[in-house]
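Here is the structure we will look at.
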There are 2 protein chains.
Amino acid sequence: MMFSKACEYGIRAAVYIALQSLDNRRVSVNEIAEEIDSPVAFTAKILQQLTRNNIVHSVKGPTGGFEIDREAMDTVKLSKIVKAIDGDKIYVGCGLGLKECNADRPCPLHDKFVDIRTDLRTMLQSTSLYELATGLEVGLTYLKR
Amino acid sequence: MMFSKACEYGIRAAVYIALQSLDNRRVSVNEIAEEIDSPVAFTAKILQQLTRNNIVHSVKGPTGGFEIDREAMDTVKLSKIVKAIDGDKIYVGCGLGLKECNADRPCPLHDKFVDIRTDLRTMLQSTSLYELATGLEVGLTYLKR
DNA sequence: TCAATAAAGGACATTTTTGTCCGAATAATA
DNA sequence: TATTATTCGGACAAAAATGTCCTTTATTGA
């Protein structure tokens with residue numbers, strides 16, 4: 001609706017990893033894909049991106065898997081994940097697809113989009129993985145279905 | 001960023017047609033594509049959808065083309081165009097791609113999305129083609145570049 | 001040291017979106 | 001009536017997004 005599939009999986013995966021890391025559990029791609037109901041191999045690709053961008057931490061070999069340290073859960077905001085996967089088109093692009101569209105030379109929808117986009121950006125920049133993971137932990141929210 | 005390319009072109013085309021219809025000018029696909037800077041043949045396809053959905057009116061043959069009558073400019077809101085081309089996923093879908101996601105069983109981002117989505121829907125449902133066309137007419141907004 | 005387990009990475013496959021091309025249908029006008 | 005300009009519709013093509021498979025690399029623990 002707003003993010004690519006890859007980004008949706010990425011966010012769900014990161015939140016699940018955060019949740020498990022709160023219990024000091026490292027999780028494998030297989031477990032993640034199972035728990036967030038996503039295609040395994042594709043999810044693995046996305047996790048690679050998250051790892052390269054230092055959003056999650058990965059460990060190879062037996063007992064390996066993905067984890068997020070407690071500090072990163074606070075500092076990593078959704079905006080970082082979205083940017084790593086979908087780039088900054090959500091923030092930058094014109095709603096009607098014009099290459100140049102700004103207050104000086106706005107498309108017909110420019111002003112109407114400004115507020116919505118600002119709200120979206122603010123939300124993404126202020127929402128941490130920790131916040132999302134704890135909602136899950138308490139059973140208030142879900143990652144499947 | 002938010003709409004498909006097809007939808008972006010569709011909105012731009014509709015606004016341009018509305019603008020020209022204010023001058024009682026019927027416009028061809030070629031002129032439209034030229035003026036909104038979009039691929040001609042693809043734009044033609046999208047115009048077919050708009051026609052089938054009674055968003056614009058088309059006339060075949062010489063002197064033919066597309067037009068929107070003055071009344072429709074007021075009654076046709078952006079929401080109708082978006083729905084005709086992109087369906088209702090903007091309104092309905094879950095931000096994280098869950099099949100089932102609602103107040104009872106929300107995804108971790110559900111509440112945070114509610115407001116943004118409501119604002120978006122309200123904006124689309126209240127913005128008419130007339131409003132957008134007149135902004136263009138006065139030279140306040142642009143459809144190209 | 002060796003077997004097993006997990007992520008990393010590259011090549012490939014499928015699906016969806018975006019985009020093109022061309023013939024048919026329609027209507028104006030000379 | 002013939003010509004011409006236009007939309008309509010179907011088939012096709014290209015590009016991007018989504019998704020799979022398999023080999024390599026790292027690491028653990030027996």
Side-chain angles (χ1 to χ4, degrees), chain A residues 1-14 16-17 20-21 25-34 36-68 82 84-87 89-90 93 96-97, chain B residues 1-14 17 20 25-34 36-68 82 84-87 89-90 93 96-97:
Chain A
M1 161 230 172
M2 201 124 206
F3 307 130
S4 67
K5 276 282 166 205
C7 196
E8 289 175 1
Y9 297 149
I11 294 173
R12 275 150 63 190
Y16 180 74
I17 295 167
Q20 296 306 318
S21 288
R25 288 192 64 238
R26 218 178 253 163
V27 286
S28 70
V29 181
N30 286 288
E31 175 178 340
I32 295 168
E34 172 74 22
I36 70 173
D37 194 26
S38 68
V40 190
F42 192 47
T43 304
K45 288 291 182 220
I46 296 158
L47 285 169
Q48 287 180 30
Q49 292 185 67
L50 296 186
T51 303
R52 277 187 229 112
N53 284 274
N54 297 307
I55 289 164
V56 303
H57 179 235
S58 74
V59 179
K60 284 184 176 180
T63 78
F66 296 87
E67 64 193 359
I68 303 182
V82 173
I85 302 178
D86 281 350
K89 64 185 156 163
I90 281 202
L96 292 188
Chain B
M1 160 229 172
M2 199 126 207
F3 306 130
S4 67
K5 276 285 167 202
C7 195
E8 289 177 0
Y9 297 149
I11 295 173
R12 275 150 64 190
I17 296 168
Q20 295 306 318
R25 288 192 65 236
R26 216 177 256 161
V27 286
S28 71
V29 180
N30 285 288
E31 176 179 339
I32 295 169
E34 172 73 23
I36 70 172
D37 195 25
S38 67
V40 189
F42 192 45
T43 305
K45 288 292 182 221
I46 297 159
L47 285 168
Q48 287 180 31
Q49 294 186 65
L50 296 186
T51 303
R52 278 186 229 113
N53 284 274
N54 296 308
I55 289 165
V56 304
H57 178 234
S58 75
V59 178
K60 283 185 176 180
T63 79
F66 295 87
E67 65 192 0
I68 302 182
V82 173
I85 301 179
D86 280 350
K89 65 184 153 158
I90 281 201
L96 292 188

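Note on naming: letters A, B, ... go to the chains in the order of the sequence lines (proteins, then strands), and numbering restarts at 1 for each one.
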Is A:V27 touching bases, backbone alone, or none of the nucleic acid, heavy atoms closer than 4.0 Å?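 Sugar-phosphate only.
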In Å and rounded to the nearest 0.5 Å, what is the [atom1] to [atom2] distance from [X] to [Y]?
| X | Y | atom1 | atom2 | answer |
| --- | --- | --- | --- | --- |
| A:Q20 | A:I32 | CD | CD1 | 9.0 Å |
| A:T43 | A:E31 | OG1 | CD | 13.0 Å |
| B:D86 | B:K5 | CG | NZ | 12.0 Å |
| A:Y9 | A:I46 | OH | CD1 | 7.5 Å |

Could you list all N or O pairs between the protein and nucleotides 8-11 of chain C that sit under 3.5 Å apart?
| residue | atom | partner | partner atom | Å |
| --- | --- | --- | --- | --- |
| C:dA8 | OP1 | A:S58 | OG | 2.7 |
| C:dG9 | N7 | A:K45 | NZ | 3.3 |
| C:dG9 | N7 | A:Q48 | NE2 | 3.0 |
| C:dG10 | N7 | A:K45 | NZ | 2.9 |
| C:dG10 | O6 | A:K45 | NZ | 2.5 |

Which is more 5' along DNA chain C, the nucleotide nearest B:S4 or the one nearest A:S28? Just name the residue.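 Here A:S28 is the residue nearer the 5' end.
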Between B:P39 and B:K89, which residue's closest nucleotide on DNA chain C lies nearer the 5′ terminus?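 Final value for this comparison: B:K89.
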I'd like to know whether B:F3 forms a side-chain contact (heavy atoms from CB on, under 4.5 Å) with B:I85, so could you lay out the CA-CA distance, the side-chain angles of the two residues, the decisive distance to 0.1 Å, and finally the verdict. CA-CA 9 Å; B:F3 306 130; B:I85 301 179; over 6 Å; no
Measure from [atom1] on [X] to [atom2] on [N] and round the result to the nearest Å.
| X | N | atom1 | atom2 | value |
| --- | --- | --- | --- | --- |
| B:R26 | D:dT6 | CZ | P | 11 Å |
| A:N54 | C:dA7 | CG | C1' | 16 Å |
| A:E34 | C:dA6 | CD | C1' | 17 Å |

When you measure from the side chain of B:A41, which nucleotide among C:dG19, D:dT4, C:dC21 comes out closest?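 So the nucleotide nearest the side chain must be C:dC21.
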Compare the minimum distances between each of C:dA27, D:dT6, D:dT18 and the side chain of A:K5, then state the nucleotide with the smallest one.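 Ranking C:dA27, D:dT6, D:dT18 by closest atom to the A:K5 side chain puts D:dT18 first.
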With a 4.0 Å cutoff (strictly under), does any side-chain N or O of A:Y9 reach OP1 or OP2 of D:dT18?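 No, outside the criterion.
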Side-chain polar contacts of residues 53-60 of chain B - donor-acceptor pairs under 3.5 angstrom, sequence neighbours left out - could you list them?
| residue | atom | partner | partner atom | Å |
| --- | --- | --- | --- | --- |
| B:N53 | ND2 | B:Q49 | O | 2.8 |
| B:H57 | ND1 | B:E67 | OE2 | 3.0 |

How large an angle, rounded to 10°, do the end axes of the helix from C:dT1-D:dA30 to C:dA30-D:dT1 enclose when each is built from five base pairs?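 Answer rounded to 10°: the end axes differ by 10°.
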Please test B:D37 against B:R12 for side-chain contact (heavy atoms from CB on, under 4.5 Å), starting from the C-alpha separation and ending with a verdict. CA-CA 9 Å; B:D37 195 25; B:R12 275 150 64 190; 4.2 Å; yes
Kindly determine whether A:I17 and A:L47 satisfy side-chain contact (heavy atoms from CB on, under 4.5 Å), including the steps that lead there. CA-CA 10 Å; A:I17 295 167; A:L47 285 169; 3.8 Å; yes
